[in-house]
Amino acid sequence: TPGRSRAGGGGVPSGILTARMARGMPPYDAARLGVHLHGSSGDLAAAELGQESLIASDLIRFLPAAIRQHPTAS
């Protein structure tokens with residue numbers, strides 16, 4: 001979506017997958033989870049803020065809610 005294609009947005013899934021790998025998750029699983037949570041946090045942010053106004057920090061702000069919605073992310 002347009003909201004996730006902003007400068008700095010790629011660092012969000014990279015940070016998620018790096019953190020998950022540091023906790024012992026296999027790289028493939030961490031990448032899949034990182035992309036999924038990036039998308040979910042973007043969807044949540046867009047629903048509240050609108051697509052066009054999103055910035056990378058908005059994705060981070062909605063990341064805890066995205067993690068709570070995903071049973072294996074915690």
Not counting sequence neighbours, which residues clear side chain to side chain contact (heavy atoms under 4.5 Å, CB included) with [X]? List them please.
X: Ala19; result: none
X: Leu17; result: Met21, Ala30
X: Ala31; result: none

Got a second to check how far [X]'s [atom1] is from [Y]'s [atom2], nearest 0.5 Å?
X: Leu59; Y: Asp43; atom1: CG; atom2: CG; result: 10.0 Å
X: Ile16; Y: His36; atom1: CD1; atom2: NE2; result: 10.0 Å
X: His70; Y: Leu33; atom1: NE2; atom2: CG; result: 5.5 Å
X: His38; Y: Ser14; atom1: NE2; atom2: OG; result: 9.0 Å
X: Ile55; Y: Ile60; atom1: CD1; atom2: CD1; result: 9.5 Å
X: Gln69; Y: Ile67; atom1: CD; atom2: CD1; result: 11.0 Å

Can you give me the closest heavy-atom contact between Leu37 and Ala66, atom names plus distance? CD2-O, 3.7 Å
Please give me the minimum heavy-atom distance between Phe62 and Ser41, naming the atom from each residue.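 Minimum heavy-atom contact is CB-O, 3.6 Å.
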What pairs with Arg61 under side chain to side chain donor-acceptor pair (under 3.5 Å), at least two apart in sequence or on another chain?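 Arg61 satisfies side chain to side chain donor-acceptor pair (under 3.5 Å) with Glu48 only.
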